Novice: 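Sharing a structure with you now.
Along the sequence shown, residues carry numbers from 1. Bear in mind that the values here come from a model prediction, so they are computed numbers and not experimental data. Every heavy atom of this structure was used, including side-chain atoms; hydrogens, water molecules and symmetry mates were not.
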Amino acid sequence: MAITSDFHMHSEFSGDSSAPMEEMIQKSISMGLSHICLTEHYDPDYVYLPGEEGMFELNTDSYLYELLRLRERYKNEISVGFGVELGLQPHLKRELAVFAKSQNFDFIIGSSHICNHKDVYYPSFFEGRSEEEAHHEYFESVLECVKSLPYFDVYGHLDYVVRYGPTKNANYTYDKHADILDKILTYLIENEKGLELNTGGFTNGLNDPNPSIDILKRYHKLGGEIITVGSDAHTPKYIAANFNKACDILKACGFQYYCIFQSRMPEFLKL
């Protein structure tokens, strides 16, 4: 496996995972990975269903304590990074700025799970309009977030919204949203922010990663070089899922390297 670093995964410290961190690390070692980064959810002011309140609030101290304990235990077998996945919403500018500086993170993913106070995971986000209209609203929100919340290193699963639409990505193309997507990609590149290839698209039933291959090609054509690869695994089963496919995709898009991060700085690894 050419890609031996999984830089997007969750353990029991994320509200949507029950996987012990040690099991995630052990599985990564068994697969021959050299580097991983835990990227637990921090998604303040989430739009919760009744009974789910607080699901994406992160106990950072407990998380870090466990990570440091296990990092030391497995230091001769794998490099374990201290990361976080920030849930971006424009009104959280001050809170996210403070949080991003509160710990010595190795890596911060910026992601958009909530769009204009609506959770794109649920069918209600798409009801009463076309999927194209829903996608456009989401991408407009992403552009606002990346411009106003520059507290991340890499933007995660850029077209995440297509995972949950009525037809998933069957009728979705880069061309339908090229204008807004190019603005997002250009902003990332000009501000030295990276892009993630998230293989969770495949494990969620798409025939593309997130973002789509066409977006990855466009990012490269516009001059983008910082790209990480993450499985978005919430259980050991999906760690490094479809990484051979991801490697082939990156090479076909023109990339020669992918990145890992330490102390918020990218390191380029040959594909």
Side-chain angles (χ1 to χ4, degrees), residues 7-8 39 41-47 56 84-93 95-97 99-100 107-122 124-126 129-165 168-169 171-201 204 206 208-224 226-230 232:
F7 261 60
H8 190 154
T39 51
H41 287 294
Y42 181 69
D43 234 309
D45 200 24
Y46 203 86
V47 181
F56 295 117
V84 67
E85 183 178 9
L86 291 185
L88 306 180
Q89 295 189 67
H91 66 285
L92 298 175
K93 186 168 185 174
E95 180 169 354
L96 294 183
F99 181 80
F107 181 53
I108 298 179
I109 300 173
S111 296
S112 297
H113 304 113
I114 300 297
C115 173
N116 297 325
H117 304 285
K118 295 172 285 188
D119 189 343
V120 305
Y121 178 83
Y122 293 108
S124 57
F125 182 75
F126 298 88
R129 56 180 172 168
S130 69
E131 283 181 287
E132 187 173 340
E133 290 171 324
H135 294 162
H136 186 77
E137 180 187 357
Y138 180 80
F139 292 134
E140 288 281 2
S141 176
V142 169
L143 180 60
E144 182 181 5
C145 284
V146 298
K147 285 186 172 182
S148 61
L149 302 161
Y151 314 121
F152 60 92
D153 304 309
V154 164
Y155 190 82
H157 47 51
L158 173 54
D159 52 12
Y160 167 85
V161 67
V162 305
R163 290 184 186 178
Y164 305 111
K168 293 187 177 286
N169 66 342
N171 301 306
Y172 157 75
T173 64
Y174 156 78
D175 290 336
K176 290 180 178 179
H177 307 281
D179 181 59
I180 186 75
L181 287 168
D182 279 3
K183 289 177 181 178
I184 295 168
L185 297 176
T186 299
Y187 185 87
L188 293 175
I189 293 165
E190 290 178 348
N191 289 274
E192 299 182 335
K193 306 294 184 184
L195 187 67
E196 176 193 49
L197 188 163
N198 187 303
T199 61
N204 279 273
L206 307 183
D208 258 327
N210 296 116
S212 68
I213 294 173
D214 285 344
I215 292 176
L216 294 168
K217 287 179 180 177
R218 185 62 174 161
Y219 176 67
H220 182 266
K221 185 174 182 179
L222 291 171
I226 300 173
I227 191 153
T228 59
V229 182
D232 211 347

Novice: More than 12 non-hydrogen atoms from neighbouring residues, nucleotides or ligands closer than 6.0 Å to CD on Glu95, yes or no?
Specialist: yes
Novice: Please list, chain by chain and in numerical order, all residues satisfying salt bridge (Lys or Arg N to Asp or Glu O under 4.0 Å) with Asp153, sequence neighbours excluded.
Specialist: Arg264
Novice: Between Leu149 and Lys93, what is the shortest heavy-atom contact and its length?
Specialist: CD2-CA, 3.4 Å
Novice: Looking at Gly110 and Phe152, what are the two nearest heavy atoms and their distance?
Specialist: N-CB, 3.5 Å
Novice: Working to the nearest 0.5 Å, report the span between CD1 of Ile180 and CG of Leu143.
Specialist: 4.5 Å
Novice: Around Tyr121, counting heavy atoms of other residues, nucleotides and ligands shown, do more than 12 lie under 6.0 Å from its OH?
Specialist: no
Novice: Under a 3.5 Å distance rule, please check whether Glu144 uses its side chain to pair with a backbone N or O of Pro90 as donor and acceptor.
Specialist: no
Novice: State, with a plain yes or no, whether a side-chain heavy atom of Tyr160 is found less than 4.5 Å away from one of Tyr138.
Specialist: yes
Novice: So, do Phe7 and Phe107 have ring centers that fall under 6.0 Å from each other?
Specialist: yes
Novice: Show the nearest heavy-atom pair for residues Gly87 and Leu96, with the distance to one decimal.
Specialist: O-CD1, 3.8 Å
Novice: Please work out whether the ring planes of His135 and Tyr172 are parallel, tilted or perpendicular, with thresholds of 30° and 60°.
Specialist: perpendicular
Novice: Is there a side chain to side chain contact (heavy atoms under 4.5 Å, CB included) between Ile114 and Asp119? Walk through the geometry before answering.
Specialist: CA-CA 5 Å; Ile114 300 297; Asp119 189 343; 3.8 Å; yes
Novice: With side chains defined as the heavy atoms from C-beta onward, is the minimum distance between Ser124 and Lys118 less than 4.5 Å?
Specialist: no
Novice: Measure the NE2-CD1 distance between His220 and Ile189 for me, rounded to the nearest 0.5 Å.
Specialist: 10.0 Å
Novice: For a side chain to side chain contact (heavy atoms under 4.5 Å, CB included) check, start with the C-alpha distance between Asn204 and Tyr164, then their side-chain angles and the critical distance, and finish with the verdict.
Specialist: CA-CA 9 Å; Asn204 279 273; Tyr164 305 111; 4.2 Å; yes
Novice: Just wondering, are more than 12 heavy atoms of other shown residues or ligands nearer than 6.0 Å to NZ in Lys176?
Specialist: yes
Novice: So, do Leu92 and Leu86 sit near enough that their side-chain heavy atoms are less than 4.5 Å apart?
Specialist: no
Novice: Establish, yes or no, whether the cationic atom of Lys193 lies under 6.0 Å from the six-membered ring centre of Tyr155 and within 45° of the ring axis.
Specialist: no
Novice: Please check if any side-chain donor atom of Asn116 sits under 3.5 Å from a side-chain acceptor atom of Glu137, or the reverse.
Specialist: yes
Novice: I'd like to know if the side chain of Arg163 reaches the main chain of Asp159, judged simply by a donor and an acceptor atom lying under 3.5 Å from each other, with no hydrogens or angles considered.
Specialist: no
Novice: What I want to check is whether the side chains of Glu132 and His136 have a donor and an acceptor closer together than 3.5 Å.
Specialist: no
Novice: Please report the interatomic distance CG(Leu181) to OG1(Thr173), rounded to the nearest 0.5 Å.
Specialist: 9.5 Å
Novice: So, Asp214 and Arg218, do they make that salt bridge, N to O below 4.0 Å?
Specialist: no
Novice: Could you measure the distance from the CG atom of Asn191 to the OG1 atom of Thr186? Nearest 0.5 Å is fine.
Specialist: 10.5 Å
Novice: Flag the pair Lys147 / Lys183 as yes when at least one side-chain heavy-atom distance between them is below 4.5 Å, and no otherwise.
Specialist: no
Novice: If you measure from OG on Ser130 to CG on Asn171, what distance do you get to the nearest 0.5 Å?
Specialist: 10.0 Å
Novice: Going by heavy atoms in the side chains, are Glu196 and His8 under 4.5 Å from each other?
Specialist: yes
Novice: Report the distance from atom CD1 of Ile215 to atom CG of Leu197, rounding to the nearest 0.5 Å.
Specialist: 11.0 Å
Novice: So, do His113 and Val120 sit near enough that their side-chain heavy atoms are less than 4.5 Å apart?
Specialist: no
Novice: Answer yes or no: is there a side-chain heavy-atom contact under 4.5 Å between Leu158 and Tyr219?
Specialist: no
Novice: Identify the two heavy atoms, one from Leu195 and one from Pro211, that lie closest to each other, and give their separation to 0.1 Å.
Specialist: CD2-CG, 4.1 Å
Novice: Can you label the angle between the Phe56 ring and the Tyr46 ring as parallel, tilted or perpendicular, going by 30° and 60°?
Specialist: tilted
Novice: With a 4.5 Å heavy-atom cut-off, do Ser141 and Leu88 have their side chains touching?
Specialist: no
